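First up is the structure itself, then whatever we jot down about it.
Everything numeric in this text was worked out from a predicted model, so none of it was measured.
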Amino acid sequence: MTDAQLPFAAALESLAKCVPQNLIRPKVGIICGSGLSTLAASLTDTVYVPYGEIPGFLISTVDGHKNSLVFGLCGDVPVVAMLGRFHAYEGYPFQKIMFPVRVMARLGVKNLIVTNASGSLNPNIPVGTIVVLHDHLGIPNLSGFNPLLGPQHDKKIPRFLPTSNAYSTSLRRLFFHAVHELGFNLDDFAEGTYAWVSGPTYESPAEGRFIRAAGADVVGMSTVPEVLAAKEEGLEVIALSLVTNFVIIPDTYRSIKAEVKAQLEGKIVEDPLQPVVSHQEVLEIGLKKAEIMRAIVERVVQKIP
Ligand SMILES: O=P(O)(O)O[C@@H]1C[C@H](O)[C@@H](CO)O1
Ligand SMILES: Nc1nc2[nH]cnc2c(=O)[nH]1
């Protein structure tokens with residue numbers, strides 16, 4: 001499927017039928033990452049449209065993703081939020097993963113707030129930190145799986161999209177002002193580079209070290225396709241990553257050979273507990289931090305000129 005075959009007209013028509021006039025031209029779009037759907041709790045006058053009722057939308061198969069587009073007011077700002085997103089590891093094609101962003105742009109959205117859950121690779125960025133992305137490292141982009149590969153579907157969109165300016169400096173500035181105004185300490189928030197991997201596996205230690213060595217602070221399985229689509233559509237983008245776990249990247253390995261040798265010498269060898277990351281943990285941290293994220297996102301939306 002190419003972008004030209006995506007059902008834009010049908011999606012817009014179906015939304016126009018169920019969303020009232022005062023909400024159908026949202027100024028800001030929000031994508032809620034894993035466990036972060038409560039971001040939409042700031043909205044009033046809400047209208048929920050299940051993804052299943054919107055032509056061209058997929059169904060997220062991941063726990064913590066709620067499968068509705070919600071229209072509402074944040075203060076007096078019309079906003080549309082995706083409660084749940086689509087990921088490549090679900091077996092979905094990039095064109096369809098990016099489709100909701102392109103629909104948002106056609107509804108009139110000018111600013112996109114993307115959120116996600118991620119693993120930290122940086123010892124200075126602890127679990128629970130909200131990281132404002134200033135760059136990304138798209139591992140699939142570098143290995144022949146750039147989401148924008150394919151025919152140029154719209155001559156108004158540049159064939160060679162620059163990405164050095166993907167993350168809006170003005171929205172990032174607004175974010176840190178919002179943090180200050182809400183009484184939070186700026187030093188509890190970080191700025192960093194997000195590595196995008198396809199998933200669905202969490203990183204092996206060697207993969208984690210590789211990505212860290214390449215300059216990433218956090219790693220996750222989403223966001224970059226949406227950011228690329230948003231930039232093609234001319235949107236201003238801010239991306240907020242909630243660190244839900246540490247990526248386990250020891251610089252030494254436990255030697256099973258040494259343990260067996262010790263056992264053979266009659267020594268008692270303890271079997272240490274080996275921590276592993278789980279999606280449950282990701283959702284739990286999301287739940288704990290969602291309220292802070294919600295308050296800041298609400299304030300940012302109010303401050304967008
Ligand atoms: O949709 P996001 O990027 O917030 O979700 C992250 C990446 C995987 O989908 C999932 C792994 O726990 O969380
Ligand atoms: N790839 C990846 N995605 C995540 N999403 C939440 N935590 C992680 C992680 O550790 N790695």
Practice task
For the residue pair Phe86 and Phe57, categorise the inter-ring angle as parallel (less than 30°), tilted (30 to 60°) or perpendicular (more than 60°).
Solution key: perpendicular

Problem - Near-ring test Trp196/Tyr89, centroid separation under 6.0 angstrom - result: no

Exercise for the section: Can you establish whether the number of heavy atoms outside Phe246 located under 6.0 Å from its atom CZ is more than 12? Expected result: yes

Problem - Main-chain N/O of Glu281 paired to Ser278 side chain as donor or acceptor, under 3.5 Å - result: yes

Handout entry: Pairing residues for Thr129 by the side-chain hydrogen bond (donor to acceptor under 3.5 Å, both in side chains) criterion, not counting sequence neighbours
Key = none

Handout entry: Residues Asp251 and Arg209 bridged, charged N to O under 4.0 Å
Key = no

Practice task
Only pairs at least two apart or in different chains count here, so list each side-chain hydrogen bond (donor to acceptor under 3.5 Å, both in side chains) that has a residue in residues 137-152.
Solution key: none

Exercise for the section: Identify which one of Asp217, Asn122, Leu133 satisfies the side chain to side chain contact (heavy atoms under 4.5 Å, CB included) criterion when paired with Thr193. Expected result: Asp217

Practice task
Heavy atoms only: give me the nearest Val47-Pro20 pair and the separation to one decimal.
Solution key: CG2-CD, 3.7 Å

Handout entry: Distance-only polar pair, side chains of Asn116 and Ser222, donor-acceptor under 3.5 Å
Key = no

Problem - Lys110 and Glu236 ion-paired at < 4.0 Å - result: no

Practice task
Hey, can you tell me if Phe99 and Phe8 have their rings parallel, tilted or perpendicular (30° and 60° cut-offs)?
Solution key: tilted

Problem - Asn67 and Ser60 side chains, donor-acceptor separation under 3.5 Å - result: no

